[in-house]
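I have placed the structure first, in the form of structure tokens, so that the comments after it can refer back to it.
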Amino acid sequence: MTVMSDVLEKFVRAANYLSAAQIYLKDNVLLTEPLKPEHIKPRLLGHWGTCPGINFTYAHLNRAIIAHDVNMLFVLGPGHGFPAVQANLFLEGTLSKYFKEITHDTTGLAHMARMFSWPYGYPSHSNPEAPGVILEGGELGYSLSTSYGAILDNPDLIVACLVGDGEAETGPTATAWHLNKLIDPGKNGAVLPILHLNGYKISGPTFMGRMNDDELRSLFWGYGYEPHFVDAYKEEDVHNRMMNVLDDAIEAIRFTQHCAREGTLHENPRFPMIILRTPKGWGSIDYIEGNKIEDNCLSHQVIADQAKTNEGQRKQLEDWLRSYRFHELFDGQKFDDDIQSLIPREGRRMGDNPHAHGGEPIYKPLVLPAIEEYDKETTCDLTSPICGTESGMEKIGAYLRDAIRANEHNRNLRIMSPDETYSNKLHAVFEVTKRAFVWPYKDWDKDMAWDGRVLEMLSEHSLQGLLQGYVLTGRHGVFVSYEAFVQIVASMADQYAKFLKIAREVKWRGTIPSLNYILTSGAWRQEHNGFSHQNPGFIDGVLQRQGCFTNVYFPADANSALAAFDIMMKSTKEINVLVCEKRPLPVWRTLAEAKRDMEDGVSIWEFASDEDPHVIFAAAGDYPTLEALAAISLVRTYVPALRIRFVNIASLSALGIGNSQCRVLRHNFKYYFTDDKPVIVNFHGYPQTMKQVLFDYALNPQRFIVHGYEESGSTTTPFDMMVRNRVDRFHLAMEAFAKAAEQKIITEAEAQRLISEFQEKLAEHRTYVIEHGEDLAEITNWTWQSRL
Ligand SMILES: Cc1ncc(C[n+]2csc(CCOP(=O)(O)OP(=O)(O)O)c2C)c(N)n1
Ligand SMILES: [Mg+2]
């Protein structure tokens with residue numbers, strides 16, 4: 001053993017004791033007296049097995065930080081190893097800096113141990129209240145992509161990412177190894193993946209744990225890494241081996257970056273990774289009542305879990321805890337000098353890395369163009385709709401292009417998209433940037449560069465992880481996805497929302513940008529792709545989040561889309577979803593009107609509204625708005641006496657209609673919807689989604705009739721797709737005829753006659769599309785006519 005190995009061994013010993021103490025002890029935390037049942041927590045909650053490997057890694061990273069003066073952040077995949085993280089945060093003094101109760105002495109230590117996994121104490125998993133944490137690691141699989149997101153545009157930063165071997169079996173981790181192919185070492189930092197092969201997950205062996213070194217070497221070489229093995233089973237001095245490997249890894253990273261930065265790196269870079277084999281539950285209890293614990297999955301959670309009541313187990317627990325000889329390492333005030341020598345200087349401690357804490361100077365607001373610059377020159381008067389057509393996505397593409405250009409000096413804006421930047425009509429951005437790609441090119445490859453600001457990969461998981469890592473380290477981005485397939489990351493979005501909900505309350509977590517989604521290629525224009533491409537369910541999950549930080553925007557036209565996107569990009573600490581069509585659609589609103597609509601979240605559109613209405617039409621979404629307006633013009637023609645109001649719902653949040661960012665409505669609910677008139681709502685998503693939002697408002701909810709996506713799709717015409725889900729003008733008009741009869745504007749018989757006539761129209765439409773393969777010209781060419 002080298003001298004340094006001894007130093008490291010002491011540090012790991014202290015961290016292991018602190019980890020175990022948190023899991024078991026509510027009193028007698030220094031074991032100054034024999035261990036008694038009353039010292040042991042009544043509910044033993046925590047995960048021990050992963051901790052020794054984490055502590056080993058953390059100690060070595062500390063040494064490397066000091067030796068090489070590295071700016072390093074630590075991302076832990078298996079977040080259930082939080083006792084180890086907390087132990088290290090205690091050792092390095094970071095906890096005392098942020099929690100006044102956790103003083104750097106016996107009192108603080110006792111408090112930390114007692115309150116771990118304790119009601120209203122410290123959570124069992126990594127969490128936003130813990131300094132340095134940008135990943136919960138409760139739901140496994142996201143450590144690698146989050147780490148890659150954090151190092152983008154942070155050329156000085158190395159993220160050490162500990163990936164569990166169980167975690168490595170997840171789809172998101174499996175795909176995230178490829179993210180090295182997006183990283184230009186000239187302009188970005190580096191991820192150092194440390195694959196922790198402790199051989200087991202909860203109840204069985206892991207695949208990678210049972211793969212031999214050759215198999216693993218081939219696999220990770222194939223992914224483009226240079227694997228270094230550290231094997232605690234084989235090495236006589238595993239500390240020495242890990243030291244050498246880490247020194248080599250950091251030097252290799254720096255050499256590659258140096259070459260890239262001075263322009264001498266011409267091949268795709270090969271960054272190092274570490275494959276660390278350790279026994280699960282390393283150095284704890286070998287057998288309990290004949291069952292193998294150490295080096296087996298049985299060490300995953302609490303071992304000796306009957307210690308409070310079973311004397312034999314208590315004795316084993318006590319012997320194990322005393323084996324760390326913690327009293328030799330900590331005198332109640334301070335740690336042994338060797339241990340202190342492994343604490344990086346202030347500013348270099350992993351738990352206190354400013355990149356994880358948001359706020360200035362890590363966070364810089366974007367320099368954004370004024371949306372007025374994108375006012376399309378029109379020849380018609382926008383106050384009398386309609387005034388031509390425009391694509392919302394193209395408009396956003398132009399705005400993003402200019403935003404990327406305007407923020408090039410800060411390098412803090414990125415676009416993530418699964419292979420769809422062109423198809424989603426954001427191609428204007430390629431006038432100023434490219435798609436990142438550092439593996440070889442063919443002559444005919446288009447818009448690719450090592451340093452592109454657009455990250456394309458056909459892995460929604462990886463993109464979501466990248467964006468989370470990027471945003472949580474203070475930079476801005478947008479994830480553009482097909483609406484149906486963003487569901488793949490619904491759970492990740494949910495995990496992020498939980499993180500954000502807590503993080504927003506943590507005082508020392510500074511400002512971070514919002515996590516912004518654009519969902520396009522929505523359900524209504526999947527007539528060529530069909531049923532599989534229809535799913536407006538993602539917004540449901542977003543609207544379930546309680547609080548003021550989730551917003552879903554439903555712009556009805558291109559001006560509204562731009563106004564909403566501008567709000568999203570300026571906002572902070574939120575999750576925003578923009579549901580936006582990419583094809584040209586009628587422009588209903590001037591930019592000024594659009595801006596106001598988006599700020600209010602709900603508005604009455606005067607051009608389609610009468611005073612004192614009998615019936616209200618409301619719509620959220622582009623096609624739903626178009627059809628609702630078409631329905632209004634039909635109803636006006638057939639029942640001129642019926643007074644109608646049109647209300648556009650531009651945004652929803654968990655708090656309801658238009659309540660985005662916790663703003664209250666400009667006017668009360670009654671102002672828009674009256675309190676007794678029937679309301680025919682045409683909604684972009686599932687009707688249930690809108691019904692649950694309305695439930696809280698409506699005194700008599702039965703007056704709201706909600707049309708929306710009803711899981712009826714196929715390969716058909718655009719208008720037929722609407723008809724199949726009853727969000728088309730004819731179905732909506734029929735609802736209005738029935739309501740007109742109820743209010744005695746027309747007779748019941750007249751209503752029935754009109755409804756039959758419209759049913760015939762629908763039948764005629766159906767026959768026509770089957771025969772001709774396209775929609776009736778009167779539908780396709782329909783335009784709004786102002787009331788004469
Ligand atoms: C996506 C996901 N699926 C299942 C679980 C339940 N779970 C918690 S820990 C664990 C095993 C993790 O094994 P590994 O990554 O090897 O961690 P370690 O051995 O270091 O504890 C599982 C399956 C989870 N947290 N996340
Ligand atoms: Mg494991």
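Just so you know, ligand 1 is whichever comes first in the structure, and atom 1 is the first atom listed for that ligand.
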Practice item. Flag the pair Asp295 / Tyr233 as yes when at least one side-chain heavy-atom distance between them is below 4.5 Å, and no otherwise. Key: yes
Check your understanding: Does Asp165 come within less than 4.0 Å of Arg277, counting only side-chain N to carboxylate O?
Key -> no
Check your understanding: Gly138 heavy atoms, cut-off 4.0 Å: which ligand 1 atoms fall inside?
Key -> 24 (C), 25 (N), 26 (N)
Point to revise | Short N or O distance, Thr170 and ligand 1, threshold 3.5 Å exclusive | key: no
Review point. So, for atom 4 (C) of ligand 1, does the protein have a heavy atom nearer than 4.0 Å?
Key: no
Point to revise | Heteroatom test (N, O or S) for Thr50 near the Mg ion (ligand 2), limit 2.8 Å | key: no
Review point. With side chains defined as the heavy atoms from C-beta onward, is the minimum distance between Ile54 and Phe74 less than 4.5 Å?
Key: yes
Check your understanding: With side chains defined as the heavy atoms from C-beta onward, is the minimum distance between Arg325 and Arg13 less than 4.5 Å?
Key -> yes
Point to revise | Options Thr278, Thr50, Ile202, ranked by nearest heavy atom to atom 6 (C) of ligand 1, top entry | key: Ile202
Point to revise | Under 3.5 Å: N/O of His196 near N/O of ligand 1 | key: no
Check your understanding: Should the pair Asp213-Lys234 be classified as a salt bridge under the 4.0 Å nitrogen-to-oxygen rule?
Key -> yes
Practice item. Examine ligand 1 and decide if any of its atoms is less than 4.0 Å from a heavy atom belonging to Asn198. Key: yes
Point to revise | Per-atom contacts of ligand 1 with Glu139, taking only distances under 4.0 Å to non-hydrogen atoms | key: 1 (C), 26 (N)
Review point. Taking only heavy atoms of His300, which atoms of ligand 1 are found under 4.0 Å from at least one of them?
Key: 9 (S), 11 (C), 21 (O)
Check your understanding: Would a 4.5 Å heavy-atom cut-off, applied to side chains only, mark Tyr148 and Leu455 as touching?
Key -> no
Check your understanding: Which of these, His47, Lys280, His80, has its nearest heavy atom closest to atom 9 (S) of ligand 1?
Key -> His80
Check your understanding: Can an N, O or S atom be found in Thr206 less than 2.8 Å away from the Mg ion (ligand 2)?
Key -> no
Check your understanding: Protein heavy-atom contact under 4.0 Å for atom 20 (O) of ligand 1?
Key -> yes
Point to revise | Gly166-ligand 1 polar pair, N/O distance under 3.5 Å | key: yes
Practice item. Evaluate the ring-ring contact (aromatic ring centres under 6.0 Å, His included) criterion for residues Phe538 and Tyr517: first the C-alpha distance (whole Å), next the side-chain angles of each, then the deciding distance (0.1 Å), finally the verdict. Key: CA-CA 11 Å; Phe538 185 76; Tyr517 296 91; 5.0 Å; yes
Check your understanding: Do Arg322 and Trp320 meet the cation-pi criteria used here (NZ or CZ under 6.0 Å from the six-membered ring centre, within 45° of the axis)?
Key -> no
Review point. Any idea which protein heavy atom is nearest atom 2 (C) of ligand 1, and the distance to it?
Key: Leu140 N, 3.7 Å
Exercise for review: Would you mind checking if Asp352 and Arg349 are paired as a salt bridge, meaning a charged N to carboxylate O distance below 4.0 Å?
Suggested key: no
**Study point:** Sidechain N-carboxylate O distance under 4.0 Å for Glu318, Arg314
**Key:** no
Exercise for review: Check Asp165 and report its N/O/S atom nearest to the Mg ion (ligand 2), by atom name.
Suggested key: OD1
Check your understanding: Are Gly141 and ligand 1 in contact, using a heavy-atom cut-off of under 4.0 Å?
Key -> no
Check your understanding: Taking 4.0 angstrom as the limit, do Lys201 and Glu169 come out as a salt bridge?
Key -> yes
Check your understanding: With atoms numbered from 1 as shown, which atoms in ligand 1 lie under 4.0 angstrom from a non-hydrogen atom of Glu167?
Key -> 14 (P), 15 (O)
